[in-house]
Amino acid sequence: MSRIFYVNGSFVDEQDAKISVLDRGFLFADAVYEVCSVLNGKLIDNRAHLARLHRSLGELSMAAPCSDEEIVSTQRRLLELNSINEGLLYLQVSRGVADRDFSFPANPSSSFVMFTQQKNLMDNPAAKNGIRVISLPDIRWKRRDIKTVGLLAPSMAKQQALDAGANDAWMVEDGFITEGTSNNAYIVRHDKVIQTRHLGQEILSGITRDAVLRFAREAGYKVVEEPFTVDQVKTASEAFFTSASAFVTPVVGIDGVEIGSGKVGRVAIQLRDVYLETALEREEL
Ligand code: PDD
């Protein structure tokens, strides 16, 4: 069955889901996006994702395409039209169509699209087996706190990781890991201290990160928001990453070196379970 997309006010088949060649999202990556998971047909932590969308738009002086009520009703309709019970919903807002010019158009009219992916997120082999990462230099721009569609550098890093026989890359800047290509990175020290980089312009403020750090503190873990090095990953008791699409997923190796026991970590599994139990209980974490 072909998917229904949302494009600028209309629900259309894939072959009709089209955006102009002059769209600034296409020409300049002048666009922001959000990804939300769908579990049991419910959008998980959507309010927080929409709040981050507004922040990204604000940082780029872009207006919201419509009210949050309209966004949410469009999201729900799209899930219904595509019968999505479990999967992902992507939404993307660009500054819209204007003749090619580096300066922003005087009266922009944003382009607004949404699409869904049906996926098994809960029952994911990566969660059972853990993943392996390689470290790579972080060559992205300096405003990674804005969730823009300028994703070429992380896309190249991901491909380089796959080509090297790993699953993802953890990116390094000034000797410290920033984050994964599309996720936030963590280590566990002595089975009880969870360490992840502090927020700032160097990383995206993950919605999953926020929830998982809250759950970790509630479960009695000490949370340290400080950068860490590749060597610290190699000597950690375990490591994991978080994102809306992968929740909490264990990382069992970096640069060919096993982390901890080399098996999925207890803390990562516990936090994944808490995350999923909570998400299945209530939509907003
Ligand atoms: N990526 N860091 C980066 C660079 C990301 O792209 C993402 C999300 C995260 C985690 O954020 P959150 O917990 O809000 O998903 C961190 C999404 C899943 C993506 O681009 O597919």
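Since the structure is predicted, the reported quantities are computational estimates derived from the model, not experimental observations. Position 1 is the first residue of the sequence, and the numbers go up from there. Just so you know, ligand 1 is whichever comes first in the structure, and atom 1 is the first atom listed for that ligand.
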How are the rings of Phe28 and Phe102 set to each other: parallel, tilted or perpendicular (split at 30° and 60°)?
perpendicular
Ser205, Cys36, Ser182, Pro154: member with heavy atom nearest to atom 7 (C) of ligand 1
Ser182
Which residue supplies the protein heavy atom nearest to atom 20 (O) of ligand 1, what is that atom called, and how far is it?
Tyr33 OH, 2.6 Å
Could you check whether Arg144 pairs with Glu173 (Lys NZ or Arg NE/NH1/NH2 to Asp/Glu carboxylate O, under 4.0 Å)?
yes
Against ligand 1, does Thr181 come closer than 4.0 Å with any heavy atom?
yes
Hey, does Met114 have a side-chain heavy atom less than 4.5 Å from the side chain of Thr74?
yes
Any N/O pair Gly206/ligand 1 closer than 3.5 Å
no
Heavy-atom nearest option to atom 9 (C) of ligand 1, drawn from Val35, Thr208, Asn183
Asn183
Any N or O of Ser243 that comes nearer than 3.5 Å to an N or O of ligand 1?
no
Does the plane of the ring in Tyr275 sit parallel, tilted or perpendicular to the ring in Phe215? Use 30° and 60° as the thresholds.
perpendicular
Any N or O of His49 closer than 3.5 Å to N or O of ligand 1:
no
Residues 218-226, side-chain donor-acceptor partners within the protein, below 3.5 Å, at least two apart:
{"from": "Tyr221", "atom 1": "OH", "to": "Gln270", "atom 2": "OE1", "distance (Å)": "2.4"}
{"from": "Glu225", "atom 1": "OE1", "to": "Arg209", "atom 2": "NH2", "distance (Å)": "2.7"}
{"from": "Glu225", "atom 1": "OE2", "to": "Arg217", "atom 2": "NH2", "distance (Å)": "3.1"}

Out of all atoms in ligand 1, which are within 4.0 Å of some heavy atom of Glu179? Include the element for each.
2 (N), 3 (C), 4 (C), 16 (C)
Taking only heavy atoms of Arg52 into account, list the atoms of ligand 1 that are under 4.0 Å away from them.
11 (O), 12 (P), 14 (O)
Hey, what else clusters with Leu136 if you join Ile, Leu, Val, Met, Phe, Trp, Tyr whenever side-chain heavy atoms sit under 4.5 Å?
Ile134
When you look for heavy atoms under 4.0 Å from ligand 1, do you find them on the side chain of Gln117, its backbone, both, or neither?
neither
